[in-house]
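Beneath this line is the structure, given in structure tokens, with notes to follow.
Just so we're on the same page: letters track the sequence lines, and every chain starts at 1.
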Amino acid sequence: PRGFPGWPHPSPILRMFGVTGEGHSVCLHLHGFSPYFYVLAPPGAGEAHLEPLERELEAALRREQRGGNPKFQPPKNVLGLTLVRKQSILGFQGGLQSLFVRVGVSLPRLVAPARRLLERGLRWGNLGVQPAPPFEANIDFEIRFMADSGLVGCCWVELPPGGFRCWGALRGHPPEGAWLGLPPLRLLSFDIECAGRKGVFPEPQQDPVIAIAAVALRQGAREPFLRVVFTLRSCAALRGATVRSFESERELLQSWAEFVRIVDPDVVTGYNIHNFDLPYLIQRAQVLQVESFPYLGRVRGVPSQVRDSAFQSRQLGRREGKVVTSPGRVTLDMLQVLLREHKLRSYSLNAVSAHFLHEQKEDVPHGIITELQNGDAQTRRRLALYCLKDAMLPLRLLERLMTLVTLVEMARVTAVPLSYLLTRGQQVKVVAQLLRQAMQEDLLLPVVKSEGGEDFEGATVIEPLKGLGPQDFIRTPTGQLSPYWSILVHTGLYWFILVHTGLYWFILVYTGLYWSLLRLGPQDFIRTPTGQLFVTPRVRRGVLPRVLEGLLAARSRVKAALAEEQDPERRQVLDGRQLALKVSANSVYGFTGAQAGRLPCLEISQSVTGFGRQMIEKTKQLVESEYPDVQVVYGDTDSVMCRLKVPSVPEAAALGRAVATWVSGHFPPPIRLEFEKVYLPYLLISKKRYAGLCFSGGSGGTPKLDCKGLEAVRRDNCPLAANLVTACLRRILLHRDPQGAVAHAQEVISDLLCNRIDISQLVITKELTRAASAYSAPQAHVALAERLRRRDPGSAPGLGDRVPYVIVSGARGQPAYERSEDPVFALEQNLPIDTRYYLEQQLSRPLLRIFEPILGEGRAQAVLLQGEHTRCKTLLTARSGALSAFTSKRSSCIGCRALLPHHGAVCDFCRQRESELYQKEVSQVWHLERSFSRLWSQCQRCQSSLLQDVLCSSRDCPIFYMRRKVQKDLEAQLELLRRFGTPQW
DNA sequence: AGCGCGACCTAA
DNA sequence: TAAGTTAGGTCGCGCT
């Protein structure tokens with residue numbers, strides 16, 4: 001189209017990007033595909049019963065529809081009943097097939113009522129009313145369609161030339177060879193700005209959209225081919241981007257929607273577009289009555305809709321939000337991707353950009369955005385630039401994290417549509433694979449009622465042998481025999497158990513009498529450690545072992561292919577696939593134990609963990625009986641940590657390998673114990689908590705500090721605590737300098753108590769996991785979220801958000817949850833930080849846990865928490881810190897702090913030093929000004945403009961906090977200077 | 001003060 | 001309607 005330079009020629013390739021969750025009506029129409037499920041036929045059923053049953057079902061469905069809302073009614077609900085002979089995957093029937101009825105219906109939404117009616121019982125002709133248990137009635141329609149068509153997610157589909165009005169079956173290509181790569185998908189990233197009212201989060205009912213930036217990129221290309229900003233009112237030109245200005249908001253919206261249809265992206269991305277930008281635009285367009293706006297999808301006549309959605313899983317917690325449908329396009333919200341894929345302290349675009357791209361971005365408060373809009377073409381240019389950057393960043397993140405390739409490969413490996421990976425949980429991926437495997441073996445998946453049963457026993461964690469630690473090494477003069485630590489791991493233990501015992505899905509739960517009926521002898525089944533009986537793989541291979549086997553076999557193939565492949569793009573795809581295969585294999589065990597799940601099988605979960613417990617126990621015994629000098633000091637699930645008395649890392653590795661090999665000989669192949677790494681030194685705090693200097697593979701390469709479960713790797717403390725623990729561990733373990741570690745800790749503690757720690761280091765974040773009323777006891781972050789909600793409901797943290805807070809000083813004995821405060825608010829209001837809280841509740845215990853094994857109990861306490869460094873230098877805090885607000889009310893002498901009866905600077909006693917004191921305060925001003933200007937220009941660089949004001953107030957940027965603090969100190973200092981009046985000398 | 005329990009987050 | 005598992009440490013609250 002004209003006006004958009006760099007527009008690529010239309011691709012000759014027709015793309016079908018998997019099946020999006022929204023596009024099924026198209027598939028239904030084109031493919032002539034209709035959903036179906038099965039029910040188990042009652043005894044005595046036959047061909048003759050199908051016709052009356054069909055009539056009965058059709059009539060029952062019609063009756064239901066009459067009561068409900070009169071949506072589109074197909075001429076026929078039931079598309080036919082067929083008798084089939086199959087087996088269920090659940091239970092072992094000795095190969096005997098049962099009679100099922102395949103029930104075809106005309107629309108996906110008829111599956112549920114049809115299933116319910118049949119399950120409850122309909123009249124089967126002369127057999128009377130019979131209940132019929134359903135099979136495969138809970139399979140998502142898209143999964144059903146793709147399984148039947150042999151398509152996986154994101155695979156290439158070849159269409160006959162000359163149009164595709166009338167097809168037979170779709171021709172999908174396995175994503176290999178020539179069909180390995182990704183198509184040149186078009187990505188569109190966008191961001192909007194709204195002119196909110198002061199202090200209130202923008203609302204589509206009132207606040208206008210003033211700018212929309214859009215950046216389009218072709219997958220694989222380095223640079224976007226299109227950068228456009230749509231602005232309300234004039235905007236000065238931008239370099240490298242097209243500016244489209246409109247006088248009315250209606251035109252702006254209309255034009256943007258038109259633009260989306262022209263660009264016709266396969267993937268729409270952005271940051272928080274699901275919950276903010278997209279719903280905002282659509283609701284705003286509704287308010288302004290822009291009728292043509294919501295047709296943002298690819299299906300003609302089907303508008304995008306805003307729906308409320310709630311998602312809950314144990315993994316991701318409960319999340320509520322909005323979903324915007326956009327048929328035919330994948331909406332890839334980078335925020336959702338990051339929430340699922342990465343555990344971070346903060347998910348603001350700001351924090352995320354800093355973390356992954358090592359670059360800060362401005363964060364302009366809403367109020368100022370409105371001011372910029374109300375300025376002139378130049379201020380609006382600034383706004384446009386800001387907006388453009390926010391549209392750009394998600395694309396950069398997408399590229400850096402290889403999000404698209406990763407998702408595409410996951411969709412291919414697990415055979416689900418790409419959109420499922422962003423909106424659904426883990427189970428659906430296993431179900432999709434299971435269904436395909438079952439279809440190959442002519443087996444059916446039952447619909448199991450998930451009833452919350454009792455929990456099952458999990459893995460063993462070996463009680464750690466504490467009291468041994470780095471001090472063994474540090475106190476030993478070099479050259480002496482020192483303890484080395486070696487980790488031995490059963491790699492992929494649960495995979496092997498699942499695959500090689502064939503536990504899925506044939507279970508014998510019957511009596512000996514029944515075995516003889518099935519002609520099974522004792523050699524035909526195994527009894528697992530938890531007492532469940534399964535037929536051996538020789539009798540019948542389970543369905544899931546096959547799925548798992550397939551994943552593992554594919555993984556070996558990919559490994560081999562990677563060794564050969566040179567092309568970087570194909571390598572990237574293969575890397576992505578390798579990861580996807582591993583992740584999928586790992587989620588299989590969890591699936592079987594998902595009690596609130598689709599197809600749980602606790603017998604299997606129990607048996608797997610049972611085998612695991614047996615194996616770790618046996619491993620420990622074997623090691624210690626054969627090698628008296630090797631001591632198993634710890635172990636978790638599938639690994640044992642051994643203490644070896646050898647003098648070097650290579651020798652520790654060699655011994656580790658020897659032990660592993662010897663132990664492996666005592667397990668049935670392919671279960672193997674493998675040597676993994678050497679730790680030196682190693683600090684074992686407790687179960688699931690340790691740190692060590694890790695020589696991976698026992699190599700002489702650069703060792704890495706490995707930290708498990710300690711505060712250093714947890715997100716529910718303040719960065720100060722995490723950083724301090726890390727720093728101390730580095731000094732102790734890497735530099736072998738415990739004294740240096742102590743000194744550093746003392747210094748930080750002193751800094752904290754003297755208010756020299758930047759507030760960004762003190763921000764604690766915790767996830768809001770439920771509604772405030774659902775908590776049984778008050779919590780700091782919950783209480784703050786509630787207070788924020790009262791201040792401004794629009795911008796308050798929602799369910800699933802992480803709430804950042806600091807603890808400020810309060811009355812004596814006031815609980816912490818009443819003293820939690822928004823860090824920016826605390827800074828702006830000069831609220832005093834409760835540094836004692838941070839020392840006593842955030843730093844002391846984690847530090848003691850690390851130092852006690854090294855210094856001894858009493859000494860650690862004395863050295864860290866009772867030294868001179870814990871004495872607060874009040875002089876400094878009273879002046880520049882939180883108390884400065886009070887000092888101006890009742891003046892005290894700047895020289896000796898004595899209270900003054902007047903508002904001057906010094907008391908009579910200090911009068912003769914006044915000049916000297918004045919000079920000191922002036923130089924303090926000079927220092928503050930210097931730091932301020934340094935920070936200011938740093939912020940200017942970040943906003944890539946050295947000529948303009950800094951507007952940023954990012955609560956995720958330490959520079960911001962420092963800049964504001966210095967600014968406040970400077971103001972206070974100037975105020976103080978004023979008290980000297982005009983000097984007389 | 002000590003204990004039980006809920007909440008959070010992590011290891012595997 | 002859909003939602004991977006259990007084991008484990010630590011901290012704050014509220015009760016005794």
Side-chain angles (χ1 to χ4, degrees), chain A residues 109 111-112 137-138 140 309-319 343 345 420 423-431 450 452 454-464 487 489-494 583-602 604-606 608-610 612-613 616 634-640 685-690 706-717 721-722 764-770 774-783 802-803 807 815-820 837 840-842 844-846 848-849:
Chain A
R109 67 171 146 87
V111 170
N138 52 358
D140 295 285
S309 85
F311 179 89
Q312 185 172 19
S313 81
R314 275 217 207 156
Q315 191 178 39
L316 297 166
R318 188 172 170 79
R319 248 173 218 134
K343 297 200 154 182
R345 280 175 182 265
Y420 275 38
T423 56
R424 304 281 295 269
Q426 300 290 328
Q427 296 201 50
V428 68
K429 295 188 273 188
V430 182
V431 170
S450 58
E454 57 281 19
D455 291 346
F456 63 92
E457 191 182 341
T460 300
V461 184
I462 296 175
E463 190 61 49
I487 277 253
V489 171
H490 283 286
T491 43
L493 183 67
Y494 285 5
V583 170
S584 312
N586 278 340
S587 63
V588 166
Y589 153 75
F591 174 82
T592 68
Q595 293 189 45
R598 286 283 259 313
L599 210 46
C601 185
L602 293 200
I604 290 166
S605 311
Q606 274 174 25
V608 168
T609 57
R613 289 193 297 274
I616 194 171
Y634 178 57
D636 187 346
T637 309
D638 58 356
S639 64
V640 284
I685 305 290
S686 64
K687 284 182 175 182
K688 299 189 190 282
R689 295 187 153 222
Y690 59 84
D706 215 2
C707 212
K708 300 288 184 194
L710 300 177
E711 283 68 20
V713 296
R714 291 179 66 90
R715 299 178 293 171
D716 53 357
N717 50 21
I764 303 166
T765 69
K766 284 204 173 111
E767 190 185 319
L768 199 59
T769 59
R770 63 198 74 174
Y775 284 89
S776 56
Q779 310 267 331
H781 64 300
V782 183
R802 294 187 71 80
V803 184
I807 299 294
Y817 61 86
E818 284 177 11
R819 297 187 282 123
S820 53
Y837 169 88
E840 282 156 23
Q841 308 306 124
Q842 289 276 315
S844 72
R845 272 171 288 195
L848 287 176
R849 279 194 290 272

* Structure fact -> With the side chain defined as heavy atoms from C-beta on, A/Ser313 is closest, among C/dG12, B/dA12, C/dA3, to C/dA3

* Using a distance-only test with no angle check, is there a side-chain donor-acceptor pair under 3.5 angstrom linking A/Thr769 and A/Tyr775? -> yes

* Please determine, for the side chain of A/Asp636, which listed nucleotide (C/dC13, B/dT10, B/dA11) has the closest atom? => B/dA11

* **N/O donor-acceptor pair, side chain A/Gln427 with base C/dG4, under 3.5 angstrom** => no

* Asked: Quick one: does A/Arg345's side chain have a donor or acceptor within less than 3.5 Å of a partner on A/Asn717's backbone?
  -> yes

* To do: Indicate whether OP1 or OP2 belonging to C/dG14 is found under 4.0 Å from a side-chain N or O atom of A/Tyr817.
  => yes

* **d(CG, A/Asn717; P, B/dC9) in whole Å** => 10 Å

* A/Arg849 near the nucleic acid: base, sugar-phosphate alone, or nothing, with a heavy-atom cut-off under 4.0 Å? -> sugar-phosphate

* Please measure how far the C1' atom in C/dG4 lies from the corresponding atom in B/dA12, and state the result in whole Å. => 14 Å

* Asked: How would you label the contact of A/Thr460 with the nucleic acid (heavy atoms, under 4.0 Å): base, sugar-phosphate, or nothing?
  -> nothing

* Contact class for A/Gly590 vs. all strands (heavy atom < 4.0 Å): base, sugar-phosphate, or nothing? -> base

* Structure fact -> Whichever of A/Pro778 and A/Val428 has the more 5' nearest nucleotide on DNA chain C, that residue is A/Val428

* Asked: So, is A/Tyr775 near the phosphate of B/dC5, with a side-chain N or O under 4.0 Å from OP1 or OP2?
  -> no

* Structure fact -> With the side chain defined as heavy atoms from C-beta on, A/His781 is closest, among C/dG4, B/dC8, B/dT10, to B/dC8

* Asked: Nearest-Å distance, CD (A/Gln312) to P (C/dG4)?
  -> 10 Å

* Phosphate contact (C/dA3 OP1 or OP2) by A/Arg424 side-chain N/O below 4.0 Å -> yes

* Structure fact -> Side-chain contact check for A/Arg689: nearest option of C/dG9, C/dA3, C/dT6 is C/dG9

* To do: Look at A/Gln841 and C/dG12 and indicate whether a side-chain polar atom (N or O) is within less than 4.0 Å of OP1 or OP2.
  => yes

* Asked: Which is true for A/Tyr494 with a 4.0 Å heavy-atom rule: it touches a base, it touches only sugar-phosphate, or it touches nothing?
  -> nothing

* Look at the side chain of A/Gln427 and the backbone N and O of A/Arg598, then say whether any donor-acceptor pair between them is shorter than 3.5 Å. => yes

* Among B/dC8, C/dG8, B/dA12, the nucleotide that comes nearest once only the side chain of A/Lys687 is considered -> C/dG8

* Rounded to the Å, how far apart are A/Ile807 CD1 and C/dC11 C1'? -> 12 Å

* Under 4.0 angstrom, heavy atoms only, what part of the nucleic acid is A/Gln779 near: base, sugar-phosphate, or nothing? -> sugar-phosphate

* Is it true that A/Arg689 and A/Glu711 have a side-chain N and a carboxylate O under 4.0 angstrom from each other? -> yes

* So what does A/Arg715 touch, heavy atoms closer than 4.0 Å: a base, only the sugar-phosphate, or nothing? -> sugar-phosphate

* Check every atom of B/dA12, B/dC8, B/dG6 against the side chain of A/Ser776 and return the nucleotide holding the closest atom. => B/dG6

* For A/Leu602, does its backbone N or O pair with a side-chain atom of A/Gln595 as donor and acceptor, under 3.5 Å? -> no

* To do: Check whether any side-chain nitrogen or oxygen of A/Lys343 sits under 4.0 Å from OP1 or OP2 of B/dT10, and answer yes or no.
  => yes

* Structure fact -> Here the distance between atom C1' of C/dG12 and atom CD of A/Gln842, to the nearest Å, is 12 Å

* Asked: Within the structure, does a side-chain N or O atom of A/Arg770 lie under 4.0 Å from either OP1 or OP2 of B/dA7?
  -> yes

* Structure fact -> When rounded to whole Å, the CG to P distance for the pair A/Asp638 and C/dT6 reads 17 Å

* Distance-only, no hydrogens or angles: does the A/His781 side chain make a donor-acceptor pair with backbone N or O of A/Thr765 under 3.5 Å? -> no

* Asked: Is the backbone of A/Lys688 close enough, under 3.5 Å, to the side chain of A/Tyr634 for a donor and an acceptor to pair up by distance?
  -> yes

* Structure fact -> Between A/Gly597 and A/Glu457, whichever has its closest DNA chain C nucleotide further toward 5' is A/Gly597

* Asked: Does the side chain of A/Tyr837 get closer than 4.0 angstrom to OP1 or OP2 of C/dG12 through an N or O atom?
  -> yes

* Identify whether any heavy atom of A/Lys688 sits under 4.0 Å from a base atom; if not, whether one sits that close to sugar-phosphate; answer base, sugar-phosphate or nothing. => base

* With a non-hydrogen cut-off below 4.0 angstrom, is A/Arg845 in contact with a base, only sugar-phosphate, or nothing? -> sugar-phosphate

* Asked: Reckon A/Arg345 has a side-chain N or O less than 4.0 Å from the OP1 or OP2 of B/dC8?
  -> no

* Asked: Does A/Tyr690 make a side-chain N or O approach to OP1 or OP2 of C/dG9 shorter than 4.0 Å?
  -> no

* To do: May I ask you to say what A/Arg613 touches in the nucleic acid, namely base, sugar-phosphate or nothing, with a heavy-atom cut-off under 4.0 Å?
  => nothing

* Looking across every strand, which nucleic acid part, if any, lies under 4.0 Å from A/Tyr634 by heavy atom: base, sugar-phosphate, or nothing? -> nothing

* Asked: Whole Å only: how far is the CG atom of A/Asp706 from the C1' atom of B/dA12?
  -> 13 Å

* To do: Just call it for A/Ala596: base, sugar-phosphate, or nothing, with non-hydrogen atoms closer than 4.0 Å on any strand.
  => base

* Structure fact -> A/Glu840 atom CD is separated from C/dC11 atom P, nearest whole Å, by 13 Å

* Among the nucleotides C/dT5, C/dA7, C/dT10, which one has an atom lying closest to any side-chain atom of A/Phe456? -> C/dT5

* **Shortest non-hydrogen contact between A/Ala816 and A/Ile807, atoms and distance** => O-CD1, 3.8 Å

* To do: Have a look at A/Val430 and say if it touches a base, only the backbone sugar-phosphate, or nothing, with a 4.0 Å heavy-atom cut-off.
  => nothing

* Can you figure out which of C/dG14, B/dC9, C/dG4 approaches the side chain of A/Arg714 most closely? => B/dC9

* Could you work out which one of B/dA11, C/dG14, B/dC9 sits closest to the side chain of A/Glu767? => B/dC9

* Quick one: does A/Thr460's side chain have a donor or acceptor within less than 3.5 Å of a partner on A/Arg613's backbone? -> no

* With heavy atoms under 4.0 Å as the rule, sort A/Arg319 into base, sugar-phosphate or nothing. => nothing

* Asked: Which of these nucleotides, C/dA3, B/dA12, B/dC8, is closest to any side-chain atom of A/Asp716?
  -> B/dC8

* Asked: Whole Å only: how far is the CG atom of A/Leu602 from the P atom of C/dG4?
  -> 15 Å

* Tell me what A/Ser686 touches on the nucleic acid: a base, only sugar-phosphate, or nothing, going by heavy atoms under 4.0 Å. => sugar-phosphate

